Amino acid sequence: MEIYVKNIDGVWFGIASEEHRVLATTFGSDENDVIQSLKETLHLTGPMKTSVPSALEEKAFSAMKRIREGKGTPDNVSLCMDRLPTYTQCVLRTVSQIPVGYVSSYGGVAEATGGGARAVGNAMAKNPFAPIVPCHRVVTSSLGLGGYTGGLRVKYDLLKREKRGYTEAKNIQVESGTLKVFPVEFVLGKLEKLLAKRPL
DNA sequence: TGCAAACCATAAC
DNA sequence: GTTATGGTTTGCA
């Protein structure tokens, strides 16, 4: 298994891969934090070897860069979820289908996947593929931000860049059922009122 | 608003 | 098996 890190426009991106399969991805402002995060996600200890990124990693890096810039999710990155619990995989795949410009709620994802809201929150918290699996697009049912492992500020910034001007909620079909999504503007609108009172 | 109880998959014992 | 733990939700004062 190898770990790759790369600084793009001041942001550190990290990838852990093995035999041409992406096992985990993450990003952050500090190189060591990114490496540490990958190791914790994969339950690894000790030093990791790094090497020159192959086409696979380069593709993943550019995907993460695009997402961070709010340009949407390229779906050509193959992620290896084999080791994850079945339900977690289902949740991650479902969340991956939330389009740019829209968000869904923990409860909504739960309904679509036949689980519980808290369980979805758990899956998000442990999402090994941030931000490629867009867990930042999952918020609370009351249009609050919810949580984010990388910090709420980061989640907020990501969502701000994903504004597309949509005005209506809609349902989309996912493998396990129907998922209700609504414009990210709904969340941002409420949030800005809140921020006026109590800054993030 | 704020609080308490119900909820559900996981990980750790 | 059992228990503890969340990036939740909902209902009710």
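Because only heavy atoms are used, hydrogens play no part in the values below, and waters and symmetry mates are left out as well, while side chains stay in. Computed from a predicted structure; not experimentally measured.
Of all nucleotides listed (C/dT9, C/dG7, B/dT10), B/dT10 comes nearest to the side chain of A/Y87. Closest to the side chain of A/A117, out of B/dA11, C/dT8, C/dG7, is C/dT8. Among the nucleotides B/dT10, B/dC8, C/dT9, the one closest to any side-chain atom of A/S141 is C/dT9. Set against B/dA11, C/dG7, B/dC8, the side chain of A/K126 has B/dA11 as its closest nucleotide.
Hydrophobic clustering (side-chain heavy atoms under 4.5 Å, transitive across Ile, Leu, Val, Met, Phe, Trp, Tyr) keeps A/L38 apart from A/F61. Transitive grouping of hydrophobic side chains (ILVMFWY, heavy atoms separated by less than 4.5 Å) keeps A/M64 and A/L42 in distinct clusters. No path of Ile, Leu, Val, Met, Phe, Trp and Tyr side chains, each step under 4.5 Å between heavy atoms, connects A/L23 with A/L79, placing them in separate hydrophobic clusters.
No hydrogens or angles were tested; on distance alone, a donor-acceptor pair under 3.5 Å links the side chain of A/Y106 to the base of C/dG7.
Base-pair partner of B/dG2: C/dC12 (Watson-Crick or G-U wobble, both distances under 3.5 Å). For C/dA4, the paired nucleotide is B/dT10, the pair qualifying as Watson-Crick or G-U wobble because both relevant distances are below 3.5 Å.
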Start with the C-alpha gap between A/T88 and A/R83, add the side-chain angles, then the distance that decides, and say whether side-chain hydrogen bond (donor to acceptor under 3.5 Å, both in side chains) holds.
CA-CA 10 Å; A/T88 303; A/R83 277 181 35 94; over 6 Å; no
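Rounded to whole Å, atom P of C/dG7 lies 19 Å from atom CZ of A/F129. The distance from atom NZ of A/K180 to atom C1' of C/dT9 is 15 Å, rounded to the nearest whole Å. A straight line from CD of A/E111 to P of B/dC8 spans 12 Å, rounded to a whole angstrom. With rounding to whole Å, A/N122 atom CG is found 16 Å from C/dA4 atom P. Distance, A/R118 CZ to C/dT3 C1': 14 Å, rounded to whole Å. Separating the CG atom of A/L143 from the P atom of C/dT8 is a distance of 15 Å, rounded to the nearest angstrom. Between the CG atom of A/L145 and the C1' atom of C/dT9 there is a distance of 17 Å, given to the nearest Å. At whole-Å resolution of the value, OH in A/Y148 and P in C/dT8 are 15 Å apart.
Contacts of A/G147 with the nucleic acid, taken as non-hydrogen atoms under 4.0 Å apart, include base atoms. Within the nucleic acid shown, A/V138 comes within 4.0 Å of at least one base atom, counting heavy atoms only. Looking at heavy-atom distances under 4.0 Å, A/S142 makes no contact with the nucleic acid at all. Counting non-hydrogen atoms under 4.0 angstrom, A/G146 reaches nothing in the nucleic acid.
Between A/H136 atom NE2 and A/L152 atom CG the span is 13.5 Å, to the nearest 0.5 Å.
Phosphate contact (OP1/OP2 of B/dA9, side-chain N/O of A/T88, threshold under 4.0 Å): absent.
Here the two rings, on A/Y166 and A/Y102, have centers that are under 6.0 Å apart.
Comparing A/H43 and A/G115 by the nucleotide of DNA chain B whose heavy atom lies nearest to each, the residue mapping closer to the 5' end is A/G115.
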